[in-house]
Protein chains: 2
Amino acid sequence: MLTISLASAVPIHDQLVAGLRGLIAAGKLAKDDELPPVRQLAADLGINLNTVARAYRELTDAGLLASVRGRGTVVIATVERPSGPKADERKRIEAGLAAAFNDAKIAGLPREVVEAIVNRQIARLWGEA
Amino acid sequence: MLTISLASAVPIHDQLVAGLRGLIAAGKLAKDDELPPVRQLAADLGINLNTVARAYRELTDAGLLASVRGRGTVVIATVERPSGPKADERKRIEAGLAAAFNDAKIAGLPREVVEAIVNRQIARLWGEA
DNA sequence: GACATTGTCGCAGAGTATGATACAAATACA
DNA sequence: TGTATTTGTATCATACTCTGCGACAATGTC
């Protein structure tokens, strides 16, 4: 369900955060789902438990997870938010998208490639329709 | 011609390398074109000359530039080496886009809003067509 | 109440990014 | 020729981040 690359330049905890966010965004991790204990996930991935704990904590700070000592970590955020994001959050999200597109442009990716990636991502998260 | 972000998480020299690669790939920097001295570019961007020197060196090692002490740095190739780190770069960019879309999905942005943002960004960077 | 399970904290080692400073090579000019 | 200027390079220091080891604290189980 989660794969990480120790050889990658991006930090392990960032890979974990991105992977877990992806699972939540795609609905594969729903509200009240329990996550594996830090020690177990760390053992499965062959990394240190602190690295997993750090990823859990970042997502907890982001309001997606809730960790309780002795009990475990569960998903508390549901993707559906009827009211939608607030103005400043919306601005933050738009800035993040703009930065990602800037990155692609700087690297010299052609328009068609970017459009293909975008289509794939939207289909993954919002459905094929 | 080159813009960098000191606030970004990606190292400055990586931003420089990516930007210069983009200029070369786009033909805005052609063979035998001279690059600004490390001190001048560093002053223009408000960074240390070593950071610029590092970017020049990486591109020199990649076979795109040639630096000579006392003379300057020039472009010597207009095509990337086929075996370059392009796959990694591409993967990194795709991960960045995926993370940004995850963020939007988790925040509850509807598909239409995201598509509108995407269209605006693509138009901004790759033209209206 | 004793033990196991689970998350959290403090510290250390390694690596990297950036910068300040000094050095070396090529050129310009008197 | 010889001195100053321009340019890239090397060295060292500082700060920061990542990752891991070990210990601690809270919750649940029996």
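Numbers restart at 1 for each chain; the letters A, B, ... are given by sequence-line order, proteins then strands.
Taking side-chain N and O atoms only, A:Asn50 has no distance below 4.0 Å to OP1 or OP2 of D:dC21. An OP1 or OP2 oxygen of C:dA25 is reached within less than 4.0 angstrom by no side-chain nitrogen or oxygen of B:Arg71. For B:Ser67 and D:dT7, the shortest distance from a side-chain N or O to OP1 or OP2 is not below 4.0 Å. Between B:Thr51 and C:dG19, a side-chain N or O to OP1/OP2 separation shorter than 4.0 Å is present.
Residue B:Leu41 contributes atom CG, which lies 14 Å from atom P of D:dT9 at whole-angstrom precision. If you measure from atom OH of A:Tyr56 to atom P of C:dT6, you get 11 Å, rounded to the nearest angstrom. The CZ atom of B:Arg39 sits 13 Å away from the P atom of C:dT21 (whole-angstrom rounding). Protein atom CG of A:Leu6 is 16 Å distant from nucleotide atom C1' of C:dG15, rounded to whole Å. One atom, CG of A:Asn48, and another, P of C:dT8, lie 14 Å apart when rounded to the nearest Å. Put simply, CZ on B:Arg54 is 12 Å from P on C:dG19, counting in whole angstrom units. Atom-to-atom, NE2 of A:His13 to P of C:dG7 comes out at 18 Å; the value is rounded to the nearest Å. Between the CD1 atom of A:Ile12 and the P atom of C:dA14 there is a distance of 17 Å, given to the nearest Å.
Taking the side chain as every heavy atom from C-beta outward, A:Asn48 and A:Arg54 never approach each other to under 4.5 Å. For the pair A:Arg92/A:Asp88, no side-chain contact is recorded, criterion being any heavy-atom separation below 4.5 Å from C-beta on. In this structure, the side chains of A:Leu35 and A:Leu20 come closer than 4.5 Å at one or more pairs of heavy atoms.
Across its full length, the helix from C:dG1-D:dC30 to C:dA30-D:dT1 shows an angle of 0° between the axes of its 5 terminal pairs at either end, rounded to 10 degrees.
Toward the 5′ end of DNA chain D lies the nearest nucleotide of B:Gly72, the other residue of the pair A:Ile47 and B:Gly72 mapping further downstream. Where A:Leu49 and A:Val68 each meet DNA chain D at their nearest nucleotide, the meeting point lying more 5' is that of A:Leu49.
Around the CZ atom of B:Arg71, the shell of radius 6.0 Å holds no more than 12 heavy atoms that belong to other residues, nucleotides or ligands.
Within 4.0 Å of A:Arg57, counting heavy atoms only, lie sugar-phosphate atoms of the nucleic acid but no base atom.
In this structure a side-chain-to-backbone donor-acceptor pair under 3.5 Å is present from B:Asp33 to B:Ala30. Listed for the A:Glu94 side chain is no donor-acceptor partner under 3.5 Å among the backbone atoms of B:Ile117.
Hydrophobic clustering (ILVMFWY, side-chain heavy atoms < 4.5 Å, transitive): A:Leu29 and A:Val74 are in distinct clusters.
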